[in-house]
Amino acid sequence: METQLSNGPTCNNTAHGSNAINNCSSPIDSGNTEDSKTNLIVNYLPQSMTQEELKSLFGSIGEIESCKLVRDKITGQSLGYGFVNYVDPKDAEKAINTLNGLRLQTKTIKVSYARPSSASIRDANLYVSGLPKTMTQKELEQLFSQYGRIITSRILVDQVTGVGFIRFDKRIEAEEAIKGLNGQKPPAATEPITVKFANNPSQKTNQAILSQLYHSPNRRYPAPLAQQAQRFRLDNLLNMAYGVKRFPPMTIDGMTSLAGINIPGHAGTGWCIFVYNLAPDADESILWQMFGPFGAVTNVKVIRDFNTNKCKGFGFVTMTNYDEAAMAIASLNGYRLGDRVLQVSFKTNKTHKA
DNA sequence: TAGTATT
């Protein structure tokens, strides 16, 4: 029997009230991840994100050994998480540093080392209801932590009665928590709580879904449509998270990039893209986010003022493949980021015309 | 009484 009450990586999750960014210690420093140094699990992915987009985003960090978006076996719908296995452990660490907490659409993605796959860690998620409305996430964890290591916790907001989730590291820990806490009154509570296993969405293959599938069998987009769909998804991705809105194509003047001027931007290591009109508080993550979905991004840089450390209004992105860089430019030039309209072009060597 | 973490 395994010891469950080790004081190991204690999960002191701070309740941000945000979308369940649950920093159980630092994923970088957890120290007990000897078989997880390259394999990452990515949680809270937007529903619309495809495996290709996942691969593009994480492939911009470094070479990927494998990448898998987990989908419902029946419907094919994304289950909102996936795995990215890097060749180099350093890239895995860099991905955590760079992409954990990134906002995509309505989600804030979580990037952390994957635990070794095992049946013992499956179905360890609990649904808790009847909680005091005043209970915080931290208090919820304190209540449950006596039964094992908590992987994630959440209290739903806007609930009449307190509803929350607790995911344990091991299913057996969840079972013990049900035995110990279901029907019990937490300290200072007036009503008992209900603790049960959370519904497993992958088992929710009801007749309606099957019926839908039956009436639209294996619909596939032809290739050009697939590209349009990709673009549409990107629009959506960029839209809600950062208030990025697409402008009509002709609103950008000074757009000397796509008219077939010089073949600029080629810099040996890839295609260098100039991004102009960034906000003073812009950082690298927004560049990764905007360009990553288009393909291999090898580097991003925000140019900052030496003294204030504020962005000077522009930055650079290096992409490996010309086609992907051109698509990124075509799509992102003219985007409104906050209250600014971006100008995106291949980098030129001249700052003024001769 | 409901979000979605083990390929």
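By convention in this document, chain letters (A, B, ...) are assigned in the order of the sequence lines, proteins followed by strands, and residues within each chain are numbered from 1.
- Rounded to whole angstrom, the span from the CG atom of A:Leu40 across to the P atom of B:dA5 amounts to 15 Å.
- In this entry the distance linking CZ of A:Phe83 with C1' of B:dA5 reads 7 Å, nearest Å.
- If you check every strand for non-hydrogen atoms under 4.0 Å, A:Asn85 touches nothing.
- In this structure, CG of A:Leu156 is placed 8 Å from P of B:dT4, rounded to the nearest angstrom.
- With sequence neighbours left out, the side-chain contact (heavy atoms from CB on, under 4.5 Å) criterion links A:Ser117 to no other residue.
- Within 4.0 Å of A:Phe165, counting heavy atoms only, lies at least one base atom of the nucleic acid.
- For A:Asn39 against B:dT7, a side-chain-to-base donor-acceptor contact under 3.5 Å is present.
- Between A:Arg122 and B:dT7 there is a side-chain polar atom (N or O) within less than 4.0 angstrom of OP1 or OP2.
- Checking the phosphate oxygens (OP1, OP2) of B:dA2, no side-chain nitrogen or oxygen of A:Arg154 falls inside 4.0 Å.
- Of the side-chain N and O atoms in A:Arg71, none sit less than 4.0 angstrom from OP1 or OP2 of B:dT7.
- Applying the 4.0 Å criterion to OP1 and OP2 of B:dT4, one finds that A:Lys107 has a side-chain N or O inside that range.
- Salt-bridge formation is not detected for the pair A:Lys179/A:Glu175: no Lys NZ or Arg NE/NH1/NH2 atom is positioned less than 4.0 Å from an Asp or Glu carboxylate oxygen.
- A distance cut-off of 5.5 Å between ring centres, combined with a plane angle under 30°, places A:Tyr127 in a stacking arrangement with the base of B:dA2.
- Contacts of residues 188-198 of chain A with DNA chain B (heavy atom under 4.0 Å): A:Lys196, A:Ala198.
- Not a single salt bridge (charged side-chain N to carboxylate O under 4.0 Å, His left out) links A:Glu139 to another residue, sequence neighbours left out.
- The side chain of A:Thr152 places no N or O atom within less than 4.0 Å of a non-bridging phosphate oxygen (OP1 or OP2) of B:dA5.
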